[in-house]
There are 2 protein chains.
Amino acid sequence: MNEPTARAATIGEAARATGVSAKMIRYYEETGLLGPAERTASGYRLYGEADLHALRFVRRARDLGFSMREIAELLGLWQDRSRASAAVKSVALGHVGDLRRRIAELEAMARTLEHLAERCCGDERPDCPILDDLAGAVPGRD
Amino acid sequence: MNEPTARAATIGEAARATGVSAKMIRYYEETGLLGPAERTASGYRLYGEADLHALRFVRRARDLGFSMREIAELLGLWQDRSRASAAVKSVALGHVGDLRRRIAELEAMARTLEHLAERCCGDERPDCPILDDLAGAVPGRD
DNA sequence: ATGGAGCTTCCCATCATGGGAAGGTCAAGG
DNA sequence: CCTTGACCTTCCCATGATGGGAAGCTCCAT
């Protein structure tokens, strides 16, 4: 609080402060997710507190698995003070639906493989129900 | 058995017969996952029964979420009659580990979001715990 | 013989991320 | 003042698995 705006950070400092790599910060700017950063006379990018805040927002959203498209939407809603919370909730719940679908898919794969692995003795012998399944053999129908 | 080898299939027929797109069949050949296909005098690829079998193997493995690297390994083991089933089981269980890790990550994201969404009234008003979380606000510590 | 379906190769795009080269800038220490 | 090393800039390329599409050749049935 003593130094009002601790003075703008370079991209490396911003990266360290927010956990977003410098590469990704430039990429977010290039793709329009974030507006163009201020520049020094010599062309270095500068980031103020508000920018760091936005970067942390993006980082948090990515940690929650939102796509860049969704994050763009959320950033827009964040900056629109008159948004309805329903709009945000809808984006969030849509994403939860995606996550649940992906989880169900992975879960089905994992269960199938665990089941096959259980029946594979896993020793020196070549017989292997896992390969038999992959090869399309339906053991017990032979 | 009546027609010994029902005559080789073109890439389109192979695609239809195995559920692997023609694009992907060419890609698997190009990257060495599968050996080069036979060719007609005019350059068309031809696929025999054994090739179709291998394609179905790859398809099934992809359905189970194996990476191409893992599939290459599994194909090698499949074709090596003297492999130990332990080697196959180890690849499979390694993959199950990957799947379980990814599931846990997605599950954590989904739970966090569901939790936030529950507390978001989702109406006309702008107040939204979801955005507050993304923005780094820690409600209740204020 | 012609038309259309199917094949070939080649290039490009996705999504989010990282690696690295070539070159300019800045601050500290001799 | 000059050097050194850390940092910045832009530009290009790669990933993994997949699809889209163009230009041109081949095959088969009419």
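Note on naming: letters A, B, ... go to the chains in the order of the sequence lines (proteins, then strands), and numbering restarts at 1 for each one. Note that these values count all heavy atoms, side chains included, but never hydrogens, waters or copies made by symmetry.
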Looking only at side-chain N and O atoms, does [X] come under 4.0 Å of OP1 or OP2 in [N]?
| X | N | value |
| --- | --- | --- |
| A:Ser21 | C:dG18 | yes |
| B:Tyr28 | D:dA17 | no |
| A:Arg26 | D:dC11 | no |
| A:Thr10 | D:dC7 | no |
| B:Arg39 | C:dT9 | yes |
| A:Arg45 | D:dT10 | yes |

query = B:Phe66 near the nucleic acid: base, sugar-phosphate alone, or nothing, with a heavy-atom cut-off under 4.0 Å?
reply =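 Result for B:Phe66 = nothing.
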ask   = Heavy atoms under 4.0 Å, any strand shown: does A:Arg69 hit a base, just sugar-phosphate, or nothing?
value =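 Nothing, no heavy atom under 4.0 Å.
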Nearest-Å distance for atom pair [atom1]/[atom2], residues [X] and [N]:
| X | N | atom1 | atom2 | answer |
| --- | --- | --- | --- | --- |
| A:Ile71 | C:dC15 | CD1 | P | 13 Å |
| B:Glu70 | D:dG16 | CD | C1' | 13 Å |
| A:Arg62 | C:dG18 | CZ | P | 10 Å |
| B:Met68 | D:dA14 | CE | C1' | 15 Å |
| B:Glu38 | C:dT8 | CD | P | 14 Å |
| A:Ile25 | D:dC7 | CD1 | P | 15 Å |
| B:Ile11 | D:dG19 | CD1 | C1' | 14 Å |
| B:Leu64 | D:dA17 | CG | P | 15 Å |

Do other residues, nucleotides or ligands put more than 12 heavy atoms under 6.0 Å from [X] [atom1]?
| X | atom1 | value |
| --- | --- | --- |
| B:Glu114 | CD | yes |
| A:Gln79 | CD | yes |
| B:Arg39 | CZ | yes |
| A:Arg100 | CZ | yes |

query = Is there a donor-acceptor contact under 3.5 Å from the side chain of B:Thr112 to the main chain of B:Ala108?
reply =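 Side chain of B:Thr112 to backbone of B:Ala108: a pair is present.
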ask   = Judged by atom type as modelled, is there a donor-acceptor pair below 3.5 Å linking the side chain of A:Arg83 to the main-chain atoms of B:Pro126?
value =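 Confirmed, A:Arg83 side chain pairs with B:Pro126 backbone.
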ask   = Which comes earlier along DNA chain D counting from the 5' end, the contact point of B:Tyr27 or that of A:Glu13, where each point is its nearest nucleotide?
value =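 By nearest-heavy-atom nucleotide position, the 5'-most residue is A:Glu13.
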task = List the protein contact pattern of nucleotides 22-30 of chain D with one symbol per nucleotide (5' to 3'): B for base contact, S for sugar-phosphate-only contact, - for none; contact means a heavy-atom distance under 4.0 Å.
result = ----BS---
inquiry  = Among residues at least two apart in sequence or on other chains, which ones pass side-chain contact (heavy atoms from CB on, under 4.5 Å) with A:Glu38?
reply    =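 So A:Glu38 forms a side-chain contact (heavy atoms from CB on, under 4.5 Å) with A:Leu46.
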